[in-house]
Amino acid sequence: MTAVLCPHPLCGVFDDGAGLYVARLPDGPIIALDEVSALIWRSAGTGSRADVIATVAEATGEKPDAIAHHIHAFLDDLVDRGLLVASAVADEAL
């Protein structure tokens, strides 16, 4: 089993492909995510945190070790805000 991060059931998400807007419903606030932050959000539900780091590193040309701390901190902040929650997924489902 791998832990992935998924939108909280009470989180509203609007993704127009260029930008992404998320809010904890019903009171918000609305948070705008663009470029790398949107990429992190979109990648969070597709694999482990290591997979998210690898995806962002590949997309940005950065070294995984150089960005890992920042990605972990950003994901932790989204969890703390109640926007993402951990969910276990069978490894063969990924």
Side-chain angles (χ1 to χ4, degrees):
M1 297 296 262
T2 299
V4 297
L5 295 171
C6 301
H8 188 283
L10 295 177
C11 180
V13 179
F14 176 77
D15 186 349
D16 67 4
L20 195 141
Y21 304 88
V22 298
R24 180 68 186 258
L25 302 176
D27 299 325
I30 298 171
I31 299 170
L33 306 177
D34 60 1
E35 299 179 13
V36 175
S37 59
L39 175 61
I40 294 169
W41 176 279
R42 291 179 186 118
S43 302
T46 64
S48 68
R49 285 178 178 236
D51 294 331
V52 174
I53 293 165
T55 298
V56 174
E58 182 177 326
T60 62
E62 296 290 334
K63 295 185 188 251
D65 291 342
I67 62 173
H69 172 75
H70 300 288
I71 293 174
H72 284 297
F74 181 67
L75 290 171
D76 289 343
D77 182 56
L78 294 173
V79 170
D80 291 345
R81 291 174 184 247
L83 298 170
L84 291 176
V85 293
S87 176
V89 175
D91 289 331
E92 54 272 0
L94 296 175

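Atom CD1 of Ile31 and atom OG of Ser37 lie 10.0 Å apart (nearest 0.5 Å). Rounded to the nearest 0.5 Å, atoms CG (Leu84) and CG (Asp76) are 10.5 Å apart. Here the straight-line distance linking atom CG of Leu33 with atom CG of Leu39 works out to 11.0 Å at 0.5 Å rounding.
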Task: Criterion side-chain contact (heavy atoms from CB on, under 4.5 Å) on Leu78 and Trp41, from CA distance to verdict - done: CA-CA 9 Å; Leu78 294 173; Trp41 176 279; 3.8 Å; yes
Discussion item. Walk me through whether Val4 and Arg49 qualify under side-chain contact (heavy atoms from CB on, under 4.5 Å).
Written reply: CA-CA 7 Å; Val4 297; Arg49 285 178 178 236; over 6 Å; no
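A continuous path of Ile, Leu, Val, Met, Phe, Trp and Tyr side chains, each step under 4.5 Å between heavy atoms, connects Val79 with Val36, placing both in one hydrophobic cluster.
Taking each heavy atom of Ile53 and Ala68 in turn, the nearest pair found is CD1-CB, 3.7 Å. Shown here for Gly28 and Ala23, the closest heavy-atom pair between the two residues is CA-CB, 4.2 Å.
The closest side-chain heavy-atom distance from Leu20 to Phe14 is not below 4.5 Å. In this structure, the side chains of Cys11 and Val13 come closer than 4.5 Å at one or more pairs of heavy atoms. For the pair His8 and Leu83, the minimum side-chain heavy-atom distance is 4.5 Å or more. In this structure, the side chains of Val56 and Ile67 come closer than 4.5 Å at one or more pairs of heavy atoms.
With hydrogens and angles ignored, the 3.5 Å screen pairs a side-chain donor or acceptor of Asp51 with a backbone N or O of Ser48.
Among residue pairs with one or both ends in residues 10-27, those qualifying as salt bridge (charged side-chain N to carboxylate O under 4.0 Å, His left out) are Asp15-Arg42; sequence neighbours excluded.
Residue Asp65 qualifies as open at atom CG: its count of foreign heavy atoms under 6.0 Å is 12 or below.
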